[in-house]
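The structure appears below as structure tokens.
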Amino acid sequence: MNEVNEAAAAETSKYRNKLSYKLQQHPPNIGLQMQKTKNNLSSSGRLATMMMMEDEEEDVTRSAISTLQSREEEIERKKMEVRQKVELQLSRAEEETRRLAQIWEELEVLADPLRKEVAVVRKKIDMANRDIKPLGQSCQKKEKEYKEALEAFNEKNREKAQLVTTLMELLSESEKLRMKKLEDLSKHVDSTL
């Protein structure tokens, strides 16, 4: 059981490291993007380059989200496997306890000389049951933590989407204002000639 929990924890850690590495390699730097936007909008030929860079950043973001979603699905699948294994062990332990209790009763009636050995086995089963109970509680606690982390992740994604929308609106507005100013300047130059 501990091996399964350790494997799930190791897989989660490995996934977090990969995501952290990807974000370090391609960090979304909005301030830098806005500065680049100001520089690139100075000539109309650079506007196409700006749009391509935004597309590339969106592709990287989509890729990171896709990777994250696939990892979440894998974590969910492994979590379900661990839960099934725990439930299977619990049911086996309960069945074994019932079976040994029945044997114990029969031994009481027979006053068998193996009574001490049966008592030792029963004691071991009781100890196993005591060990299984905290594992079940730990599984429930980790499931709750996972749900909370997923909720926080989804909230941050929504916040990011709003920020991206705001950025796009600002860029569009800036472009309109610059175009209007250029037209005004062009008219002013034409009128002086």
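- The shortest non-hydrogen separation linking W104 to R122 is CB-NH1, 4.4 Å.
- A distance of 10.5 Å separates CD1 in I103 from CD in E105, rounded to the nearest 0.5 Å.
- When atom types are taken as modelled, the side chain of S172 and the backbone of M168 share no donor-acceptor pair closer than 3.5 angstrom.
- Two residues are said to be in side-chain contact when any heavy atoms from C-beta on lie closer than 4.5 Å; C139 and L135 fail this criterion.
- The residues K156 and E159 are annotated as salt-bridged, a charged nitrogen and a carboxylate oxygen being separated by less than 4.0 angstrom.
- Between K78 and E81 no salt bridge is recorded (no basic side-chain N to carboxylate O distance below 4.0 Å).
- With values rounded to the nearest 0.5 angstrom, I125 atom CD1 is found 7.5 Å from R99 atom CZ.
- Residue-environment remark: CD (E155) exceeds the threshold of 12 foreign heavy atoms within 6.0 Å.
- Using a 4.5 Å cut-off on side-chain heavy atoms (C-beta onward), E87 and S91 make no contact.
- To the nearest 0.5 angstrom, D184 atom CG is 6.5 Å from K181 atom NZ.
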What's the verdict on salt bridge (Lys or Arg N to Asp or Glu O under 4.0 Å) for K180 and E183, showing C-alpha distance, side-chain angles and the deciding distance? CA-CA 5 Å; K180 183 177 178 184; E183 287 173 10; over 6 Å; no
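- Using a cut-off of 4.0 Å between Lys/Arg side-chain N and Asp/Glu carboxylate O, R98 and E95 are scored as not salt-bridged.
- Going from atom NZ of K123 over to atom CE of M127 covers 7.5 Å, rounded to the nearest 0.5 Å.
- A salt bridge is defined here as a Lys NZ or Arg NE, NH1 or NH2 lying under 4.0 Å from an Asp or Glu carboxylate O, and E73 with R77 fails to meet this definition.
- The closest donor-acceptor contact from the side chain of S174 to the backbone of L170 lies at 3.5 Å or more, if one exists at all.
- At a threshold of 4.0 Å, the pair E76-K79 counts as salt-bridged, since one of the basic side-chain nitrogens sits closer than that to a carboxylate oxygen.
- Within the 4.5 Å cutoff, no side-chain heavy atoms of Q84 are placed close to those of L88.
- At least one side-chain heavy atom of E72 sits less than 4.5 Å from a side-chain heavy atom of Y146.
- In terms of modelled atom types and a separation under 3.5 Å, the side chain of T165 and the main chain of A161 share a donor-acceptor contact.
- Within the 3.5 Å criterion, the main-chain N or O of L182 finds no donor-acceptor partner in the side chain of S186.
- At a threshold of 4.5 Å between non-hydrogen side-chain atoms, the residues L100 and V118 do not count as touching.
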Determine whether K124 and V120 satisfy the following criterion, side-chain contact (heavy atoms from CB on, under 4.5 Å), listing intermediate values before the conclusion. CA-CA 6 Å; K124 287 181 180 180; V120 169; 4.0 Å; yes
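- Salt-bridge check for R178 with E175: failed, with every basic side-chain N at 4.0 Å or more from each acidic carboxylate O.
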